[in-house]
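To start, the structure itself, in C-alpha cells.
Predicted, not measured: the structure shown is a model, and the values here were computed from it. The residues of the chain are indexed from 1 along the displayed sequence. Whatever order the structure lists them in is the order used to number ligands and atoms, beginning at 1.
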Amino acid sequence: MACELTGLGMYVPPRVLTNEDLEKFLDTSDEWITTRTGIKERRIAEEWEKASDLGYHAAKEAIENSGLSSKDIDVVIVATSTPDMIFPSTACFLADKLKCNKPMAFDISAACSGFIYGLTLARTFIAAGQAENILVVGSEVFSKIVDWNDRTTAVLFGDGAGAVVVSKTNNDKGILSAVMRSDGSHWGSLYCPVGEKIKMRGRETFKLAIKNMAEASMKALEEAGLTLDDIKLIIPHQANIRIIRALAEKLEIPEDKVFSNIHRYGNTSAASIPIAMYEAKEEGRFHEGDYILLTAFGGGLTWGAIVLRV
Ligand code: UT7
C-alpha cells in the first residue's frame, strides 16, 4: 500500500530575534553570523509556549489542507528534541489539543533528522495496513535549551513547527524510498544532557553532515530507481548555508536546485524540513507530479534521505 502527503502546515512564533539583537548581548556580529551560517534572524517562542502549542497551529493547517478532520487521524507522531515534558509525549498533548479521536500518539527523538524518521515510520504503518491517515509534526522550542551566553550555539537555532498529513493512496505519488542511518559513536559532536543546555563541536558536525547527507541522498535515489536529473528540488535540513552549498557541490548540482530559507529561521531542528517544504511549495519551487528529495542530519548522530513524488 502506497502513501502520499495530502496536507502541509507550518507555524513560527511572531517574535523575531535578529543578528543585530544578538550583537547587543553576545560577543558576535551580523557579519560573522551571515558569512559563516547564512542566518539573518530567527523566531523565538513566548515563555509559556511549548512544542505542542507551535505544533498545534502547524498540524491544524495541515489537516485542513488535507481535507480531513482531526477525527480521521489514526496516528500522531511528533519529532522533537524539546518536548513539553519527558512524559507524557508531546504527541499526546498535541492529539488532545487537536481533539483527535484517541489515536496512537508518540514522540521521536532523532534530533534534526526526527521529521524524516517520522515520515519513514508513517510510510511503514500505512504499508502494513496499520493506519490510513498519519499526522507527522516537527516542532521545536530550541530557544529554551540554548545557552544564551554561548555564542558558538546561541546564534544558530530558532523555534518553529511544520506538519504533514500522510494518507493511504492508490496512485503513484508518495514516498518512494527512505534511507535512515545513525552512528552513536559520534554522540559527543552534538548533544544536550537532561536539564542542561546544547553542546556542539561545530566543525566535526559540519564535515559529517555533508558526507552523510550526500551518501544517503544517492542511496535513496538508487532505491527509488531515479537519478539526480529526475529530482526537481532537494530540500535539506537547514543548519548552515555553507553545508547546503557544499552538499550541492558534492552532488554536482546547481545551487538553485537546493532549497534554503535558513536566513529567516536559523536551524529549527526537526521542524526545519517541513517548514522548508511548506515554503518551497508556496514559492512554486515544485508542483504536483514532481520528484523531490529530503535529506537531514543531526545529533545522535542521525541522518537520512527520502525520495518522494508530490
Ligand atoms: O542541526 C544539525 C547539526 N548542526 C550543524 O550541522 C552545525 C554544523 N557546524 C556549523 O554550522 C559551523 O561549524 C558553525 C557555524 C557552528 C561554526 O562555523 P565554523 O566556520 O566551523 O567556525 P569555528 O567553530 O571554526 O570558529 C571560528 C572562529 C573561532 O574563533 P578563533 O578560535 O578562530 O579565534 C570561534 O571562537 O569563530 C569564533 N566564533 C564566533 N565569532 C563570532 C564562534 N562563534 C562565533 C560567533 N560570533 N557567534
Side-chain angles (χ1 to χ4, degrees), residues 17-42 79-82 108-117 138-143 145-160 162 180-184 186-192 197-217 235-248 250 258 260-263 265-276 294-305:
L17 186 71
T18 64
N19 292 348
E20 288 76 13
D21 294 332
L22 287 168
E23 282 175 355
K24 291 177 196 146
F25 63 92
L26 272 179
D27 179 15
T28 191
S29 64
D30 171 50
E31 201 265 331
W32 191 95
I33 303 170
T34 306
T35 53
R36 299 286 180 129
T37 73
I39 302 166
K40 296 299 286 184
E41 56 186 48
R42 69 286 293 142
T80 186
S81 297
T82 48
I108 291 183
S109 170
C112 306
S113 311
F115 179 77
I116 59 167
Y117 266 54
S139 187
E140 301 281 16
V141 282
F142 260 58
S143 61
I145 59 163
V146 151
D147 177 353
W148 288 105
N149 295 313
D150 174 11
R151 69 176 183 174
T152 65
T153 52
V155 304
L156 304 175
F157 297 96
D159 300 338
M180 296 299 130
R181 298 280 186 262
S182 75
D183 181 355
H186 286 289
W187 70 271
S189 300
L190 179 54
Y191 63 101
C192 181
K197 303 292 180 193
I198 298 174
K199 297 170 178 53
M200 182 170 78
R201 292 202 289 263
R203 276 191 198 177
E204 198 174 299
T205 318
F206 191 99
K207 284 185 201 145
L208 288 167
I210 300 158
K211 178 179 175 285
N212 291 334
M213 283 196 292
E215 278 175 14
S217 298
I235 303 179
H237 169 51
Q238 307 288 309
N240 187 324
I241 194 69
R242 289 190 294 137
I243 293 178
I244 293 171
R245 287 188 185 132
L247 179 68
K250 197 163 176 65
V258 189
S260 178
N261 59 0
I262 193 167
H263 52 291
Y265 307 119
N267 180 347
T268 58
S269 188
S272 104
I273 288 191
I275 290 175
L294 314 177
T295 183
F297 180 86
L301 296 175
T302 55
W303 67 95

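Residue Leu26 does not touch ligand 1, judged by heavy-atom distances below 4.0 Å. In Trp32, the part holding a heavy atom less than 4.0 Å from any atom of ligand 1 is the side chain. Here Thr28 has heavy atoms under 4.0 Å from ligand 1 in both its backbone and its side chain. With a 4.0 Å heavy-atom cut-off, ligand 1 is reached by the side chain of Leu190 but not by its N, CA, C or O.
Ligand-side atoms of ligand 1 in range of Gly202: 8 (C), 9 (N), 13 (O), range being under 4.0 angstrom from any heavy atom. The atoms of ligand 1 that sit less than 4.0 Å from any heavy atom of Phe297 are 2 (C). Close contacts between ligand 1 and Thr152 involve ligand atoms 43 (C), 44 (N) [criterion: under 4.0 Å to a heavy atom]. Close contacts between ligand 1 and Val155 involve ligand atoms 48 (N) [criterion: under 4.0 Å to a heavy atom]. Heavy-atom contacts of Thr37 reach the following atoms of ligand 1: 15 (C) (cutoff under 4.0 Å).
Atom 33 (O) of ligand 1 is not flagged as protein-proximal [any protein heavy atom, distance under 4.0 Å]. The presence of a protein heavy atom under 4.0 Å from atom 3 (C) of ligand 1 is confirmed. Checking atom 9 (N) of ligand 1 against the protein gives a heavy-atom contact under 4.0 Å.
Taking the side chain as every heavy atom from C-beta outward, Trp148 and Leu22 approach each other to under 4.5 Å. Counting heavy atoms from C-beta on, the side chains of Asp183 and Trp303 come closer than 4.5 Å. Between Ser113 and His237 the shortest side-chain heavy-atom distance does not fall below 4.5 Å. Between His186 and Leu208, some side-chain heavy-atom pair lies under the 4.5 Å cut-off. Considering only heavy atoms from C-beta on, Lys250 stays 4.5 Å or farther from Met213 through its side chain. Between Met200 and Thr152, every side-chain heavy-atom pair lies at or beyond the 4.5 Å cut-off.
In terms of protein heavy atoms, atom 1 (O) of ligand 1 is closest to Asn267 ND2, 2.6 Å. The protein heavy atom nearest to atom 18 (O) of ligand 1 is Arg242 NH2, 3.3 Å. When hydrogens are left out, the protein atom nearest atom 16 (C) of ligand 1 is Met200 CE, 3.7 Å; that is the closest non-hydrogen contact. Considering only non-hydrogen protein atoms, atom 22 (O) of ligand 1 sits nearest to Arg36 NH1, 3.4 Å.
Taking a cutoff of 4.0 Å between a charged side-chain nitrogen and a carboxylate oxygen, Lys211 and Glu215 qualify as a salt bridge.
The residue among Arg151, His237, Arg203 with a heavy atom at the shortest distance from atom 23 (P) of ligand 1 is Arg203. Comparing heavy-atom distances from atom 12 (C) of ligand 1 across Thr268, Ile243, Leu22, Asn240 singles out Asn240 as nearest.
The backbone N or O of Thr205 lies less than 3.5 Å from no partner atom in the side chain of Ser189, so there is not a single donor-acceptor pair.
Counted by atom type alone, Thr34 and Lys40 present one or more donor-acceptor pairs between their side chains at under 3.5 Å.
Exactly one residue among Thr268, Asp21, Asn19 makes a side-chain hydrogen bond (donor to acceptor under 3.5 Å, both in side chains) with Arg42. That residue is Asn19.
Considering CG of Leu301 and OH of Tyr191, their distance stands at 13.0 Å, rounded to 0.5 Å.
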